Amino acid sequence: MIRMKVAQALKTGEAGQLVDVRGWVRTRRDSKQAFSFVELNDGSCMANLQVVIDANVPGYADAIKHVTTGASIAIEGEVKDSPAKGQRIEVHATSLRVLGEADPLKYPLQKKGHSFEFLREIAHLRPRTNTFGAITRVRNAAATAIHNFFQSRGFCYIQSPIITTSDCEGAGQMFQVTTLDLHKLAASGKPVNFELDFFGKPASLTVSGQLEAEIFACSVGECYTFGPTFRAENSNTTRHLAEFWMVEPEMPFCDLTDNMKLAESFIKTVIGDVMKNCEADMAFFNERIDEKHELLATMQNILDHEFIRLPYTEAIDVLQKSGKKFEYSIEWGADLQSEHERFLTEEHFKQPVILFDYPRTLKPFYMRCNEDGKTVRAMDVLVPRVGEIIGGSQREERLDVLLERMKECHLDPETYWWYVDLRRYGTVPHAGFGLGFERLIQLVTGMANIRDCIPFPRVPKSAEF
RNA sequence: UCCUCGAUAGCUCAAUCGGUAGAGCGAGCGGCUGUUAACCGCUAGGUUUUAGGUUCGAGUCCUAAUCGAGGAGCCA
């Protein structure tokens, strides 16, 4: 008797093998007098294993009643070649055990489809569906691909802190972390004394690990972070989460050109790995999720072509000369609206676009200033359907220019003293970027809403699970 | 946060001009069948999100709240 996962059984199972398989029932089709067909799924792959349970299996009459959608069962049996179409092999049970019943009157998942909105309300059960099983496996494959990509290039994995007291870069509204008793504080009516708080000063959840990654890029060399990030923005869109995972590589002795090169091969490698390692899941997304069934073709198109590299100034020109009517007109100095980004990547170029050299007024203090005095070495990678998937830059390594820029952005260098120190002692040109992991999952799976690309989405007014 | 739309059976939806709330799926029961998101028959299942209001009468009209979706802003 060999204990087998469904994926393994379907791939390598051969007639005559005695196997022990366990999982959850997707559907049961009965032949009352003779036997039952059970579709068994254990999450190891998209496909189900067909189990045939004959009526003379011990305890059949009692047990089969409880073999309903959602119930967990353990089967011992023999692998046989399937006489019917639809599957290569099947398992003929010699024993059946119901491990956990699932009352069919109450079990929320049906064999037929559900809306994603409904499934979000039962996030504890949705991984049992085809779609969310597939997303989970793709997420896992993508995370593995990310580590492989960096590890194979000698990047060091850095764990940046989740709790921080530096109000870093103003990347977004922060979630405050405190052990102070808010009820007492509110009742007292007195101003808050943060010296009494856990860290002795205001603390928050991180909005980025970039500044910390720079510390390690300037010591151990190429490195990357991959961890949760928090933004307390009141954003209600299909592309934003309050808690999301971000990948942030940082490289010393590199400029913006190197940065773009890395970003491009990074995205291509991860997509390529997922397509190779999650073939069945990707086929499912192509057929059932992408309405036009173009997902695989779109991914292949990304792999086959070089990303467009377009300076901000030229992008403005392209947009102005496009003849396209935009809701917001565009001119040099203004930030691109979603409609503009979408036009460039979805209509004009129809592939990923790297925009770079943005006006300095639009970007944060740490981005390297160009000689023209007007722009900084910033880059955004835009992809069809998702929009901005990467934001990055070459960092300002010159102490005097950095201090100047901080002044311009009304930031106190004292607060960032350790960041400024990196320019004071052995400064080097360096660059890096941040990639939103869930947006990458959105791109690869074709899922419309980012809330379905993370196991437990956190958005305004919602953190049930 | 702003704009638009929505909330009716377990799920997905319908309900004409304001006049007795319906279907499909799912579920239960029965039948049939090496079945494949099976098929056929029967049955059960509703305080129409909540709180007010208009009206002889409200699922339908008005006000507010809550939740959800799409778009915008912010960004990854």
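Remember, it's a predicted structure, so these values are computed and weren't measured experimentally. The chains referred to below are lettered A, B, ... by the order of the sequence lines, with proteins before strands, and numbering in each begins at 1.
In this structure, the CD1 atom of I389(A) is 12 Å from the P atom of A76(B), given to the nearest Å. Atom CG in N234(A) sits roughly 15 Å away from atom P in C75(B) (whole-Å rounding). For the pair M379(A) CE and A76(B) C1', the computed distance is 12 Å after rounding to whole Å. Atom CZ in R28(A) sits about 17 Å away from atom P in U33(B), given to the nearest Å. Distance CZ (R126(A)) to P (C11(B)): 17 Å, rounded to an integer number of Å. Atoms CG (D380(A)) and P (C75(B)) sit 10 Å apart, rounded to a whole Å. Rounded to whole angstrom, the span from the CD atom of E339(A) across to the P atom of G73(B) amounts to 8 Å. The interatomic distance linking M46(A) (CE) with A37(B) (P) rounds to 14 Å, in whole Å.
Within 4.0 Å (heavy atoms only), K461(A) reaches sugar-phosphate atoms of the nucleic acid but no base atom. Among the atoms of the strands shown, only primed sugar atoms or phosphate atoms (P, OP1, OP2) are found under 4.0 Å from some heavy atom of I390(A). Among the atoms of the strands shown, none is found under 4.0 Å from any heavy atom of E464(A). Note on Y328(A): only backbone sugar-phosphate atoms sit closer than 4.0 angstrom, heavy atoms only; bases stay farther off.
For N449(A), a side-chain nitrogen or oxygen approaches OP1 or OP2 of G70(B) to under 4.0 Å. For the pair R120(A) and A69(B), the criterion of a side-chain N or O lying under 4.0 Å from OP1 or OP2 is met. For G73(B), neither phosphate oxygen OP1 nor OP2 lies less than 4.0 angstrom from any side-chain nitrogen or oxygen of R239(A). Residue Q337(A) has a polar side-chain atom (N or O) positioned under 4.0 Å from OP1 or OP2 of G73(B). For the OP1/OP2 pair of A76(B) and a distance below 4.0 Å, the side-chain nitrogens and oxygens of T229(A) include no atom meeting the criterion. For R451(A) and G70(B), the shortest distance from a side-chain N or O to OP1 or OP2 is not below 4.0 Å.
Heavy atoms of other residues, nucleotides or ligands lying less than 6.0 angstrom from CD of E279(A) number 12 at most. Crowding of R97(A) atom CZ: a count of heavy atoms from other residues, nucleotides or ligands under 6.0 Å not exceeding 12. Counting non-hydrogen atoms of neighbouring residues, nucleotides and ligands closer than 6.0 angstrom, the CD atom of E14(A) reaches no more than 12 such neighbours.
Within 3.5 Å, no donor on the side chain of S235(A) pairs with an acceptor on the base of C75(B), nor the reverse. For U12(B), its base never sits under 3.5 Å from the side chain of E117(A) at any donor and acceptor pair. Within 3.5 Å, a donor on the side chain of Q110(A) pairs with an acceptor on the base of G10(B), or the reverse. Side-chain atoms of D30(A) stay outside donor-acceptor range of the base of U33(B), with no qualifying N/O pair under 3.5 Å. A donor-acceptor contact under 3.5 Å is not formed by the side chain of R29(A) with the base of C39(B). Side-chain N/O atoms of H240(A) and base N/O atoms of C75(B) include a donor-acceptor pair closer than 3.5 Å.
A gap of 27 Å separates the C1' atoms of C56(B) and U49(B), to the nearest Å. Spacing of C1' atoms, A9(B) relative to G26(B), comes out at 11 Å, to the nearest Å. Annotation: G45(B) and C3(B) have their P atoms spaced 43 Å apart (nearest Å). Comparing U54(B) with U63(B), their P atoms are spaced 15 Å from each other, to the whole Å. U60(B) and G6(B): their C1' atoms are spaced 15 Å apart (whole Å). When the C1' atom is compared between G59(B) and U20(B), the two are found 13 Å apart, to the nearest whole Å. Annotation: C13(B) and U8(B) have their P atoms spaced 9 Å apart (nearest Å). Nucleotides U48(B) and C29(B) place their C1' atoms 29 Å apart, quoted to the nearest Å.
Each of A69(B), G71(B), A76(B) was ranked by its minimum atom distance to the side chain of F244(A); first place goes to A76(B). For Q87(A), taking side-chain heavy atoms from C-beta onward, the closest of the listed nucleotides C75(B), U35(B), C74(B) is U35(B). The S115(A) side chain lies nearest to U12(B) when the options are U12(B), C11(B), A76(B). Distances from the side chain of Q50(A) to the nucleotides U36(B), C75(B), A72(B) place U36(B) closest. Between U36(B), U1(B), A27(B), one nucleotide has an atom nearer to the side chain of N236(A) than all others, and that is U1(B). Taking every side-chain heavy atom of F118(A) into account, C11(B) is the closest of A72(B), G68(B), C11(B). Residue P104(A) has its side chain nearest to A27(B) when only C25(B), U36(B), A27(B) are considered. Listed candidates were A72(B), G34(B), A76(B). Nearest to the side chain of M246(A) is A76(B). The side chain of S338(A) approaches A72(B) more closely than any other nucleotide in the set A72(B), U36(B), G68(B).
For G34(B), the base is not stacked against the aromatic ring of F35(A), per a cut-off of 5.5 Å between centres and 30° between planes.
Both tests do not hold together for R120(A) against F116(A): distance to the six-membered ring centre under 6.0 Å, angle to the ring axis within 45°.
The partner of U55(B), taking Watson-Crick or G-U wobble pairs whose two distances both stay under 3.5 Å, does not exist in any strand shown. Pairing for A37(B) is absent, judged as Watson-Crick or G-U wobble with the two contacts each under 3.5 Å. For C32(B), there is no paired nucleotide, since no Watson-Crick or G-U wobble pair has both relevant distances below 3.5 Å. A69(B): Watson-Crick or G-U partner is U4(B), with both key distances under 3.5 Å. Base pairing of G10(B) is made with C25(B), judged by Watson-Crick or G-U wobble geometry with both donor-acceptor distances under 3.5 Å. The partner of U60(B) is absent, by the rule that a Watson-Crick or G-U pair needs both atom distances under 3.5 Å. Pairing of C74(B), defined by two Watson-Crick or G-U wobble distances under 3.5 Å, is not identified with any nucleotide. Across all strands shown, U48(B) has no partner, as no Watson-Crick or G-U wobble contact with both distances under 3.5 Å is found.
The aromatic rings of F437(A) and F226(A) lie perpendicular to each other, with more than 60° between the two planes, well past the 30° mark. Ring pair F155(A)/F150(A) is tilted by interplanar angle, where 30° to 60° counts as tilted. The aromatic rings of F266(A) and F433(A) lie tilted to each other, with the angle between the two planes from 30° to 60°. Ring geometry for H124(A) against F465(A) counts as parallel: the plane angle stays under 30°, on a 0 to 90° scale with 60° as the upper cut. A perpendicular orientation is assigned to the rings of Y419(A) and Y416(A), their planes being inclined by more than 60° (bins at 30° and 60°).
By the rule that a glycosidic angle within 90° of 0 means syn, C39(B) does not qualify and counts as anti.
Comparing A84(A) and L109(A) by the nucleotide of RNA chain B that holds the closest heavy atom to each, the one mapping nearer the 5' end is L109(A). When each of S462(A) and T237(A) is assigned the nucleotide of RNA chain B with its nearest heavy atom, S462(A) is the one assigned upstream, toward the 5' end.
For the pair Q50(A)/I89(A), no side-chain contact is recorded, criterion being any heavy-atom separation below 4.5 Å from C-beta on.
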